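All remarks here apply to the structure that follows.
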Amino acid sequence: MAWAVGSSGSTASSGERVTDFFGRHDSGSGHTNNWAVLVCASRYWFNYRHMANALGMYRTVKRLGIPDSNIILMLADDIACNARNRFAGSVYAEAGRHLDLYGENIEVDYRGYEVTVENFIRLLTGRVDPSVPRSKRLLTDDHSNIFVYMTGHGGNEFLKFQDQEEISAFDIADAFEQMWQKKRYSEILFMIDTCQANTMYSQFYSPNILATGSSQIKENSYSYENDNDIGVSVIDSYTHYVLKFMEGINKTSQTSMQDLFDSYDPVKIYSHPGIRSDLFRRPLDKTLITDFFGGVAQAEVFPLQDIVGSSDHHHHHENDFTLPTSRKPDAPSVSVVSSTTVISHPRLTGETHEWDNWWKEVRKWTSIFVIGCLVSCVSFMR
């Protein structure tokens, strides 16, 4: 995407102003796209809160700009339509039931028994069968920031998948290393909410990974509240307070990851959240939350004359306007929070407009004639 800046007399100063404006949102990450992998590893009605955890994160990353095409959602998806769900087709994360997290606008990529350790590892490493559709692939590159969120039942260096199998801290660590070797990420934020969650990132050894968890070793991760009408816990404490903090974040927020971590309160969460940043190259107070939870697009700022040329050339060829295919070495390239695409539609000529009106009239009177015939036939048969 190219932006034309300035005028023939003040191109440099205008270009500097535009670069400065976009640079306000540049935290030095260097990434050009964001992805999210959200995993609810549990199933069954009594694990309602785990599905609410994942859907709460899903809503947050979508609100902050990551499109569904860049979100991989893995759910057992057996809660919304469960026979015991008094509010059929809905999932709530608070007792007041003010916000339906399930709604009509979610895309579950791996559902039911597709949520397996094998599929999760294949998703991360890109070792999927050729028949797997694009919607189930993590199509990242070395300029991708990835937010990986996991929730379920776990223990010391393991997380259970649907009470049938387990994934270990070593499995995830090795998968991340494969991703690094294959240039499948720029940076990763790994967040997990489970019992003894902090042990799940203890074996990581690949660069540019920031990790956080809900509880330390030999410590449980507790639910936040119950809903008496639903009959079970509706969300976990750690995820609840993370989502509560995220409600104050928008797409242009300058809030850092350090601000999020400083908001952790073991007294409220009932456990001791952990943070691991020794593999991460950037200072946490300079790392924006939107570097992982938000969406970015790459913008390139071009001087005006490089795009439109001289005013005489522009007047002679105003119908042949094209953008350059490459930029000068000194043209700045900056990351912005969101992008705008302007589409120019060709004007209808008078002849085309007249033809369209005539065709609309023909269709209208044809429809009236057909309906009249049908009504007459029905009356005659009676």
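Just so we're clear, the structure is a prediction, and the values are computed from it rather than from any experiment. What's counted below: heavy atoms across the whole structure, side chains too, no hydrogens, waters or symmetry copies.
Between the side chains of Ser221 and Asp193, a donor-acceptor pair is found at a separation under 3.5 Å. A donor-acceptor pair shorter than 3.5 Å can be found between the side chains of Glu219 and His272. With hydrogens and angles left out, the side-chain atoms of Asp163 and His153 include no donor and acceptor closer than 3.5 Å. Counted by atom type alone, Asp262 and Gln258 present one or more donor-acceptor pairs between their side chains at under 3.5 Å. Ser202 and Glu157 share a donor-acceptor pair across their side chains, judged by distance under 3.5 Å alone. Looking at Asn145 and Glu187, their side chains do bring a donor and an acceptor atom within 3.5 Å of each other. The closest side-chain donor-acceptor pair between Thr212 and Tyr201, if any, does not fall under 3.5 angstrom.
Ile249 is not listed as a side-chain neighbour of Leu260, based on a closest heavy-atom distance of 4.5 Å or more. Side chains of Ile209 and Phe176 form a contact here, defined as non-hydrogen atoms less than 4.5 Å apart. With a 4.5 Å cut-off on side-chain heavy atoms, Arg97 and Asp229 count as touching. Gln196 places none of its side-chain heavy atoms less than 4.5 Å from the side chain of Gln216. Contact check for Leu189 versus Phe293: side-chain heavy atoms found under the 4.5 Å cut-off. In this structure, Val234 and Tyr92 have side chains that are not in contact, with every pair of non-hydrogen atoms separated by 4.5 Å or more. With contacts defined as side-chain heavy-atom distances shorter than 4.5 Å, the pair Ile230/Arg84 does not qualify. For the pair Val132 and Arg137, the minimum side-chain heavy-atom distance is below 4.5 Å.
One finds the OG atom of Ser206 at 12.0 Å from the CD1 atom of Ile172 (value rounded to the nearest 0.5 Å). The line from CD1 of Ile167 to CD of Glu118 is 11.5 Å long, rounded to the nearest 0.5 Å. Atom-to-atom distance recorded for Asn33:CG and Ser144:OG is 3.5 Å, nearest 0.5 angstrom. Summarising the geometry, atom SG belonging to Cys40 is positioned 8.0 Å from atom CG belonging to Leu55; distances are rounded to the nearest 0.5 Å. Within the model, atoms OG1 of Thr60 and CD of Glu247 stand 6.0 Å from one another, a figure rounded to the nearest 0.5 Å.
Using the six-membered ring where Trp is involved, Tyr185 and Trp180 have ring planes that are tilted, between 30° and 60° apart. The aromatic rings of Phe120 and Phe161 sit tilted relative to each other, their planes meeting at an angle between 30° and 60°. Ring geometry, Phe292 versus Phe280: the interplanar angle falls from 30° to 60°, so the pair is classed tilted. Aromatic ring orientation, Tyr48 versus Trp45: perpendicular (interplanar angle above 60°, classes split at 30° and 60°).
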Test His143 against Thr32 for side chain to side chain donor-acceptor pair (under 3.5 Å), laying out the working first. CA-CA 6 Å; His143 290 92; Thr32 61; 5.0 Å; no
Candidate pair Asp68 and Tyr58, rule side chain to side chain donor-acceptor pair (under 3.5 Å), full reasoning: CA-CA 9 Å; Asp68 264 317; Tyr58 174 81; 2.5 Å; yes
Dump the intermediate steps for side-chain contact (heavy atoms from CB on, under 4.5 Å) on Leu124 and Leu138, then the final yes or no. CA-CA 7 Å; Leu124 295 179; Leu138 190 65; 4.3 Å; yes
Go through the steps to decide whether Met51 and Asp77 satisfy the test side-chain contact (heavy atoms from CB on, under 4.5 Å), and finish with yes or no. CA-CA 8 Å; Met51 182 169 169; Asp77 203 14; 3.5 Å; yes
Under the criterion salt bridge (charged side-chain N to carboxylate O under 4.0 Å, His left out), I'd like the reasoning laid out for Lys183 against Asp141: C-alpha separation, chi angles, the key distance, then a yes or no. CA-CA 6 Å; Lys183 301 184 184 300; Asp141 54 36; over 6 Å; no
Could you walk me through whether Val61 and Ile71 pass the side-chain contact (heavy atoms from CB on, under 4.5 Å) test, one step at a time? CA-CA 8 Å; Val61 296; Ile71 302 174; 3.7 Å; yes
Stepwise side-chain contact (heavy atoms from CB on, under 4.5 Å) check, Trp35 with Ile66: CA-CA 7 Å; Trp35 287 74; Ile66 302 182; 6.0 Å; no
Determine, step by step, whether Ser215 and Ser271 satisfy the side chain to side chain donor-acceptor pair (under 3.5 Å) criterion, reporting the C-alpha distance in whole Å, the side-chain angles of both residues, the deciding distance to 0.1 Å, and the verdict. CA-CA 5 Å; Ser215 53; Ser271 60; 5.1 Å; no
Phe204 vs Phe190, test: ring-ring contact (aromatic ring centres under 6.0 Å, His included). Steps then yes/no. CA-CA 10 Å; Phe204 290 178; Phe190 179 79; 5.2 Å; yes
For Arg49 and Asp236, what are the C-alpha separation, side-chain angles and deciding distance, and is it a salt bridge (charged side-chain N to carboxylate O under 4.0 Å, His left out)? CA-CA 6 Å; Arg49 66 190 183 279; Asp236 283 320; 3.0 Å; yes
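Side-chain atoms of Glu94 come within 3.5 Å of backbone atoms of Gly96 as a donor-acceptor pair (strictly under, hydrogens ignored). Between the side chain of Thr140 and the backbone N or O of Arg184, at least one donor-acceptor pair lies under 3.5 Å. The backbone N or O of Leu288 lies less than 3.5 Å from a partner atom in the side chain of Asp291, making a donor-acceptor pair. Between the side chain of Asn220 and the main chain of Tyr222, no donor-acceptor pair closer than 3.5 Å is present. Side chain of Asn226 to main chain of Asn228: no donor-acceptor pair is present (N/O by atom type, distance under 3.5 Å, no hydrogens or angles). Within the 3.5 Å criterion, the main-chain N or O of Ser90 finds a donor-acceptor partner in the side chain of Asn85. For the pair Asp259 (side chain) and Ser256 (backbone), a donor-acceptor distance under 3.5 Å is present. Asp100 contributes a side-chain N or O that, together with a main-chain N or O of Val91, makes up a donor-acceptor pair within less than 3.5 Å. Counting only distance, with no hydrogens or angles, the side chain of Arg122 and the backbone of Arg127 share a donor-acceptor pair below 3.5 Å. Under the 3.5 Å distance criterion, the side-chain polar atoms of Thr194 are matched with a main-chain donor or acceptor of Gly152.
Within a 6.0 Å sphere centred on CG of Asp129, other residues, nucleotides and ligands contribute more than 12 heavy atoms. For CZ of Phe170, the number of neighbouring non-hydrogen atoms (other residues, nucleotides, ligands) closer than 6.0 Å is 12 at most. Counting heavy-atom neighbours within 6.0 Å of Lys244 NZ, excluding the residue itself, gives a total of 12 or less. A 6.0 Å sphere centred on CZ of Phe261 holds more than 12 heavy atoms belonging to other residues, nucleotides or ligands.
Under the 4.0 Å criterion applied to side-chain N and carboxylate O atoms, Asp109 and Lys136 are not assigned as salt-bridge partners.
In the hydrophobic cluster analysis, where Ile, Leu, Val, Met, Phe, Trp and Tyr join through side-chain heavy atoms closer than 4.5 angstrom, Met191 is grouped together with Leu75. Under the 4.5 Å side-chain heavy-atom criterion for Ile, Leu, Val, Met, Phe, Trp and Tyr, Leu38 and Ile192 are members of distinct hydrophobic clusters.
Hydrophobic cluster membership for Ile368: Trp365 (Ile, Leu, Val, Met, Phe, Trp, Tyr linked by side-chain heavy atoms under 4.5 Å, directly or transitively). Taking Ile, Leu, Val, Met, Phe, Trp and Tyr as hydrophobic and joining them when side-chain heavy atoms fall under 4.5 Å apart, one finds Tyr205 isolated, its cluster having no other members.
Cation-pi geometry between Arg43 and Tyr113 is met: the NZ or CZ atom falls under 6.0 Å from the ring centre, inside 45° of the normal.
Taking the ring centroids of Tyr224 and Tyr241, they lie under the 6.0 Å cut-off.
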